[in-house]
Protein chains: 2
Amino acid sequence: MMSVAKESARAKRDTGTLGKLMVLLDLVSHADGPMRFTDILEVTDQPRGTLHRQLSHLVEEGLLEIDTDGRYLPGLRLLDLASRSWGRNEFRVMAEPHLRALQGLTGETVHLGVLRGTSIIYLDKFEGQQPVRMYSQIGNASPVYCTGVGKAALSILPEVRVKALLEDISFHRFTANTHTAQSLLAEVEEIRKLGHAFDREEHEVGIRCVAAPIWSENLSLVGGVSVTGPAYRLTMEKLSQWAGPIQEAAARIMEAMRIGLGPRR
Amino acid sequence: MMSVAKESARAKRDTGTLGKLMVLLDLVSHADGPMRFTDILEVTDQPRGTLHRQLSHLVEEGLLEIDTDGRYLPGLRLLDLASRSWGRNEFRVMAEPHLRALQGLTGETVHLGVLRGTSIIYLDKFEGQQPVRMYSQIGNASPVYCTGVGKAALSILPEVRVKALLEDISFHRFTANTHTAQSLLAEVEEIRKLGHAFDREEHEVGIRCVAAPIWSENLSLVGGVSVTGPAYRLTMEKLSQWAGPIQEAAARIMEAMRIGLGPRR
DNA sequence: CCCAAGCGTTCCATTATGTGGAACTCAATT
DNA sequence: AATTGAGTTCCACATAATGGAACGCTTGGG
């Protein structure tokens with residue numbers, strides 16, 4: 001019965017029960033605040049009994065929690081699991097000293113990110129001591145098309161993969177400078193030649209950055225390192241001056257991991 | 001068939017498929033390094049086909065990843081999920097300024113932790129600028145019985161709950177000073193009177209700490225704040241001097257959350 | 001060069017598990 | 001007291017997980 005006609009371009013394999021639960025976990029995790037049972041019910045459009053049991057199981061495992069008003073929140077068990085994933089991440093560990101050095105050199109915030117799907121996940125961050133602070137957190141996933149690290153990462157991928165990736169993205173216009181599919185493709189070509197990428201207030205007004213790509217030879221790892229800060233302090237000129245040091249830091253990180261030894265692309 | 005004779009004291013409710021997958025996730029996350037298929041197979045003692053599908057589903061959802069040698073690692077999706085759980089945690093947010101102040105006052109590392117089951121999960125940490133660094137990470141779960149925050153938390157729970165909790169613990173002797181069930185119960189009684197707890201190198205040789213409990217009136221939240229550092233710098237005398245400020249910080253955090261307004265216990 | 005062993009993957013009949021409609025409880029409201 | 005809304009429990013049924021077996025692929029002897 002129920003023949004499956006629709007075949008999505010990037011057919012997501014079915015993970016059965018787990019897949020359904022992950023949808024809920026994502027929903028609650030990414031919500032702006034605690035969600036009531038009914039809130040979840042109307043979004044997911046499932047029978048009440050089913051939803052109730054699913055949530056109960058997630059709570060039972062500590063992946064979700066219920067506050068005193070009976071609303072659902074992400075659970076702390078996630079923190080425990082994630083801290084292991086983070087603590088042992090080889091890329092992050094190898095990069096750490098170089099990130100510190102870069103932070104010391106520039107005095108601004110340094111990020112390490114890795115490409116996962118159509119997002120950049122930030123693996124580490126070293127903040128400057130300057131009073132102005134930006135919202136940015138380790139573990140956060142940001143769209144690839146409006147971050148320096150994201151664009152740097154794209155510049156490493158072969159064009160076919162970039163185009164395939166763009167298919168899966170819905171472009172949201174965060175600022176007046178945010179890229180569209182066309183303009184992004186053009187800039188990535190540019191970045192490929194330059195060896196580094198700028199974020200000219202494309203994600204958040206008043207925030208600029210420079211980034212350099214980091215990749216393994218077989219492209220199993222693609223990411224980058226960036227220096228970020230407020231536009232009033234980080235003129236484009238200053239950013240350009242830092243492009244060299246950042247590319248050098250990226251090179252040292254790749255060397256430390258003994259990857260990317262071949263010539264560029 | 002297969003009648004269930006054994007009824008554990010604290011019967012863990014069955015979470016079906018999810019429960020089985022979480023066992024795997026825990027196993028891989030808490031392992032010392034990447035695990036091969038066969039490693040997992042012999043620990044979990046499941047049919048190969050079953051295990052293979054379970055792992056595939058976890059990988060498909062990004063909860064696990066496979067390295068180039070085909071070994072399993074915790075996945076970065078966990079980081080994304082956890083960062084939300086952390087970023088929005090009300091307790092952590094309310095406590096932050098007070099933790100910073102305490103860090104400034106003492107110059108040593110300040111931790112915020114919360115009781116979850118028989119563990120303390122560290123929600124936040126502010127490091128001193130001193131050169132000696134300790135291994136400790138946000139999100140890490142440590143046993144209640146050998147951390148300052150853990151013992152402080154226990155001192156808030158009614159004795160019956162403490163005893164029930166001890167039932168579920170298997171005491172591991174980390175150092176010569178690590179507590180046993182008996183000595184722990186006795187010290188908790190002491191802490192109840194004092195209002196603060198010490199860790200006298202009970203978890204790690206050379207590391208001491210002072211902690212004060214934080215709790216909500218209905219005990220839906222039980223945790224604490226601590227100041228930790230190397231024994232050579234933190235004499236017991238110095239720790240005692242800080243007990244006051246730490247208890248005051250804890251009081252201010254509770255006030256900020258409008259909890260624990262009633263008299264102690 | 002061929003065989004065996006180790007490791008991982010796929011298949012499919014069987015069975016455990018999740019599903020969802022409906023009935024039920026408990027508060028808050030009218 | 002009746003009504004509505006929110007959450008929970010129940011159970012016949014449908015679906016997804018199970019696990020034994022067979023299948024590939026690589027590695028290393030003999």
Side-chain angles (χ1 to χ4, degrees), chain A residues 1-6 11-28 31 33-75 218 220, chain B residues 1-6 11-28 31 33-75 218 220:
Chain A
M1 298 301 104
M2 52 186 68
S3 63
V4 177
K6 186 168 135 191
K12 196 156 198 172
R13 238 193 299 164
D14 190 18
T15 56
T17 306
L18 178 62
K20 296 168 198 162
L21 293 176
M22 289 305 291
V23 169
L24 293 179
L25 199 48
D26 265 335
L27 180 66
V28 175
M35 294 184 82
R36 287 177 318 160
F37 181 85
T38 316
D39 299 334
I40 304 175
L41 186 63
E42 64 189 18
V43 177
T44 57
D45 197 36
Q46 294 210 78
R48 298 215 297 280
T50 300
L51 180 62
H52 184 261
R53 181 182 33 73
Q54 290 172 332
L55 291 173
S56 300
H57 283 179
L58 288 169
V59 168
E60 191 69 30
E61 292 294 341
L63 298 174
L64 290 181
E65 294 182 9
I66 306 187
D67 70 9
T68 44
D69 300 340
R71 294 174 309 179
Y72 292 87
L73 299 164
N218 60 5
S220 65
Chain B
M1 297 299 106
M2 52 185 69
S3 65
V4 178
K6 184 170 136 191
K12 196 157 199 172
R13 238 193 299 163
D14 190 17
T15 56
T17 306
L18 178 61
K20 295 168 199 161
L21 294 176
M22 289 304 292
V23 169
L24 293 179
L25 198 49
D26 265 336
L27 179 66
V28 175
M35 293 185 81
R36 288 177 317 159
F37 182 84
T38 316
D39 297 335
I40 305 176
L41 185 64
E42 65 189 18
V43 176
T44 57
D45 198 35
Q46 295 210 77
R48 295 215 296 280
T50 300
L51 179 62
H52 184 260
R53 182 183 31 73
Q54 291 172 330
L55 290 173
S56 300
H57 283 179
L58 288 169
V59 168
E60 191 70 30
E61 292 294 340
L63 299 174
L64 289 183
E65 293 182 9
I66 307 189
D67 70 10
T68 44
D69 300 339
R71 296 174 308 178
Y72 292 87
L73 300 164
N218 60 5
S220 64

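Computed from a prediction, not measured in an experiment: that's the story for all the values here. Sequence lines set the chain letters: A, B, ... in the order given, protein chains first and strands last, and positions in each chain run from 1.
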Atom-to-atom span, [atom1] of [X] to [atom2] of [N] - whole angstrom:
| X | N | atom1 | atom2 | result |
| --- | --- | --- | --- | --- |
| Tyr72(B) | dC7(C) | OH | P | 14 Å |
| Leu51(B) | dC7(C) | CG | P | 14 Å |
| Asp45(A) | dT19(C) | CG | P | 14 Å |
| Asp39(A) | dA6(D) | CG | P | 9 Å |
| His57(A) | dA17(D) | NE2 | C1' | 15 Å |
| Leu41(B) | dT9(C) | CG | C1' | 13 Å |
| Gln54(B) | dT9(C) | CD | P | 14 Å |
| Leu18(A) | dA17(D) | CG | P | 9 Å |

Inset, instruction - Remember a base hit wins even if backbone is also touched, and classify Gly49(B) as base, sugar-phosphate or nothing at under 4.0 Å, heavy atoms. - result: base
Legend entry - Option among Asp67(B), Val59(B), Leu24(B) that satisfies the side-chain contact (heavy atoms from CB on, under 4.5 Å) test with Tyr72(B): Val59(B)
Taking the minimum atom-to-atom distance to the side chain of [X], which one of [options] wins?
| X | options | answer |
| --- | --- | --- |
| Lys20(A) | dA16(D), dT18(D), dT8(D) | dA16(D) |
| Arg48(A) | dT17(C), dG7(D), dT9(C) | dG7(D) |
| Pro47(B) | dG20(C), dG18(C), dG19(D) | dG19(D) |
| His52(A) | dG18(C), dT9(D), dA22(D) | dT9(D) |

Legend entry - Donor-acceptor pair present, Thr50(B) side chain and dG19(D) base, under 3.5 Å: yes
Inset, instruction - Check whether the side chain of Arg53(A) and the base of dG18(C) form a donor-acceptor pair under 3.5 Å. - result: no
Legend entry - OP1 or OP2 of dT8(D) under 4.0 Å from side-chain N/O of Ser56(A): no
Inset, instruction - Establish, with yes or no, whether the OP1 or OP2 oxygen of dG8(C) is under 4.0 angstrom from a side-chain nitrogen or oxygen of Thr38(B). - result: yes
Legend entry - Residues forming a side chain to side chain contact (heavy atoms under 4.5 Å, CB included) with Leu27(B), sequence neighbours excluded: Met35(B), Ile40(B), Val43(B), Thr44(B)
Legend entry - Main-chain N/O of Arg71(B) paired to Asp69(B) side chain as donor or acceptor, under 3.5 Å: no
Inset, instruction - Using distance alone, with no hydrogens and no angle criterion, decide if Glu61(A) and Thr15(B) have a side-chain donor and acceptor under 3.5 Å apart. - result: yes
Inset, instruction - State the CG-CG distance between Leu51(A) and Leu55(A), to the nearest 0.5 angstrom. - result: 4.5 Å
